[in-house]
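First comes the structure, then the notes that go with it.
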Amino acid sequence: MHEPTHHTLEEENQLVQIRLQKLEQLRALGLDPFAIERYEITHALQTVHDDYEQLEGKTVAVAGRIAALRKMGKATFAHLMDSTGKLQIYLKADEQGERYDLIDLWDLGDYLGVQGFVFKTRTGEVTVHVQSFTMLAKAIRPVPFPKEKGEQRWYELHDVEQRYRQRYLDLLVNPDSRRRLIARCRMVREIRRFLDERGFLEVETPVLQPIAGGAAARPFITHHNALDREFQLRIALELYLKRLVIGGIDRVYEIGRVFRNEGISTRHNPEFTMLELYQAYANLEDIMSLVEELFHHVAERVFGTTVFEMHGIRVDFAQPWQRIRLMDAIRERTGLTEADFETLERATHAAEKVGISVERKDTIGGIIEKVLEKCVAEHLQQPTFVYGFPIDTSPLAKREPDNPRFTRRFEGYLFGKEVANAFSELNDPLEQRARFEQQYALRQAGDEEAHPFDEDFLLAMEYGMPPTGGLGIGIDRMAMLLTGADSIREVIFFPQMREG
RNA sequence: GAGCCGGUAGCUCAGUGGUAGAGCAACGGACUUUUAAUCCGUGGGUCGAGGGUUCGAAUCCCUCCCGGCUCACCA
């Protein structure tokens, strides 16, 4: 634990000192900006542009941050910014009288409320001719608003570290960041809307779990003082949602944070957002259709198009996804066949032939999935369902009836990256017990990420679980692909950072 | 965890052994339809931190911190 660092503003630089002095002057004049509680606005800034025809000559009240300030003697122009956009304001000295000098106490970043009439300058820009104004709050640190001309920007906040650590500044001054992060929020909203329309119930399940199961990953561990026992932070939503299906909630989903105690990279944040849904009486093909419709819906509703492009590849979510059996995809790309993976020895040999190093803990299925990741995934640019995953890496999925080494499981790929994972859920409690036992054996053999044995979940399944289709989607990854972000940190407001 | 690159003014960046710089921002002045406003002037720095080499270090060496990219585990 580190003691928090306390700064005193007196120690800060002259830019802060000057703003503090301006604040004092305002207070001395009885205009303390921090005493203001409310300012009644008639319009958001963008709506003044949108409704200019009706508003011309009319009086409006608007508010926002000062994002640009151009004082030219006895006339002053400024731009206010709010969450909808920007609007220019105009003040004249002879109309304002003594109050005109208050402009000298304005800084970029301050909040201003103004009342005035709407007009267009001779260069055609919609502007509010200010009659009265009030400072609503003051920024005592300089906000790095860039210089702008049209779409061009100068002196923009580029420093990646500062953009992540002080995301509020990034949001204020970098429109691309703002658009991308808001798009992610709207995606989540549209996913909810899509599922709600189809009769799914959104639920919340425990984050603190006795045994974090449902995926292969190392958990975070925490401690409950009153119970004096250890809990793990969830690594997946799966096993609790299935308990709810057993409890009669036939269509259920959760969008929630899960936690995996693993490395941080451009594609990994220790806490990330998962969507998992379960639909009783649905099979794998039903879930494929659901995924197709979900992406179509989100694309259209959030981005207004079904066509997306990344690195020169165009995809269209109005089209059905391609479907290919995993072992067929591997054969197409490597020439390796199912027979090459019959035994661990042969599978190891086959993997090494295509340049993949096999670790001791790898199972046959693990090796097959490595071949998928290394040799096949990058070719799956168009939306594609790869189905028929090995049984030993899919301990919660039903077997394929005619090929028991593989399961009724698919992964959805897009632009070469995995975006969805779905099973026809295993609902046979006897087989589920046997699968957990296999995972337990792997764990005993040193695989820390093998699925834990969950006796309480088995108990639930023994009371009867319907045939069920299930789906998991990494929301952050989905947001990266649809917004064209190269790093997961660009689609998470506050990504994990080391202590700075 | 490994390799490569980076950290200099509020912001964006120059500066590779010899007095710490530029643009924007700030401050003072001029300017009543500007819009990267313009013009004149002024102030502003723990050069990520610590140690070392040297007459002299932002610069060379070592250690550490933080970030980026690539790789490995994974979603």
Side-chain angles (χ1 to χ4, degrees), chain A residues 12-19 21-22 67-79 86 88-96 100 104 107-109 119-125 127 129 139-150 152-166 169 173-174 215-218 235-236 258-276 357 359 361-362 366 369-370 373-374 393 411-412 417-421 447-449 472-478 480-481 486-489 495 497-500:
Chain A
E12 291 292 346
N13 63 51
Q14 60 160 357
L15 296 172
V16 173
Q17 290 302 324
I18 288 162
R19 283 168 165 76
Q21 284 163 19
K22 290 177 180 176
L69 183 58
R70 294 179 295 282
K71 188 176 176 189
M72 0 176 328
K74 299 199 164 45
T76 294
F77 291 86
H79 275 94
K86 289 184 180 175
Q88 183 168 257
I89 61 172
Y90 170 61
L91 298 91
K92 287 173 77 171
D94 51 7
E95 295 170 352
Q96 296 295 334
Y100 191 77
D104 293 332
D107 287 295
L108 294 188
F119 77 110
K120 266 187 186 169
T121 61
R122 62 178 164 214
T123 52
E125 178 159 354
T127 302
H129 189 127
I140 62 168
R141 289 182 190 274
V143 180
F145 281 110
K147 292 274 187 184
E148 285 185 310
K149 184 181 188 178
Q152 290 177 282
R153 282 186 290 280
W154 289 263
Y155 316 112
E156 199 168 4
L157 182 63
H158 279 139
D159 185 84
V160 178
E161 185 173 357
Q162 192 174 4
R163 286 184 47 232
Y164 295 159
R165 288 190 193 277
Q166 295 183 278
L169 295 180
V173 307
N174 292 328
R218 297 170 65 180
I235 58 174
V258 299
F259 308 83
R260 298 191 183 176
N261 207 336
E262 291 158 356
I264 297 175
S265 78
T266 49
R267 295 175 56 73
H268 300 87
N269 199 59
E271 50 180 302
F272 62 100
T273 303
M274 283 276 290
L275 160 69
E276 285 194 28
S357 61
E359 294 171 68
K361 67 169 192 179
D362 286 333
E369 288 199 23
K370 275 192 175 177
E373 284 162 29
K374 303 294 175 197
T393 53
E411 286 185 347
K417 313 285 186 192
E418 185 202 333
V419 286
N421 182 21
D447 182 358
E448 288 183 72
E449 296 182 356
I473 289 180
I475 296 295
D476 314 83
R477 295 271 176 92
M478 182 178 176
M480 285 174 69
L481 290 169
D486 291 321
S487 170
I488 197 168
R489 291 177 156 189
M497 303 286 279
R498 283 179 200 271
E499 199 169 5

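Model, not experiment: these values are computed from the prediction.
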(message) Please determine whether any donor N or O and acceptor N or O are separated by less than 3.5 Å between the side chain of A:R70 and the base of B:U34.
(response) yes
(message) Looking at A:E125 and B:U33, is any side-chain donor or acceptor paired with a base atom of the opposite kind under 3.5 Å?
(response) no
Using a 4.0 Å heavy-atom cut-off, does [X] contact any base of the nucleic acid, only the sugar-phosphate backbone, or nothing at all?
X: A:E449; value: sugar-phosphate
X: A:T76; value: nothing
X: A:L15; value: base
X: A:K86; value: nothing
X: A:N269; value: base
X: A:G474; value: nothing
X: A:K370; value: sugar-phosphate
X: A:R498; value: sugar-phosphate
X: A:F119; value: base

(request) Could you check whether the rings of A:Y90 and A:H129 sit parallel, tilted or perpendicular, using 30° and 60° as the cut-offs? (result) perpendicular
Counting side-chain heavy atoms from C-beta on, which of [options] comes nearest to [X]?
X: A:D94; options: B:U32, B:U34, B:C73; value: B:U32
X: A:H158; options: B:G43, B:U12, B:G67; value: B:U12
X: A:V160; options: B:G68, B:C69, B:C27; value: B:G68

(request) Check whether any side-chain N or O of A:K71 sits under 4.0 Å from OP1 or OP2 of B:A26, and answer yes or no. (result) no
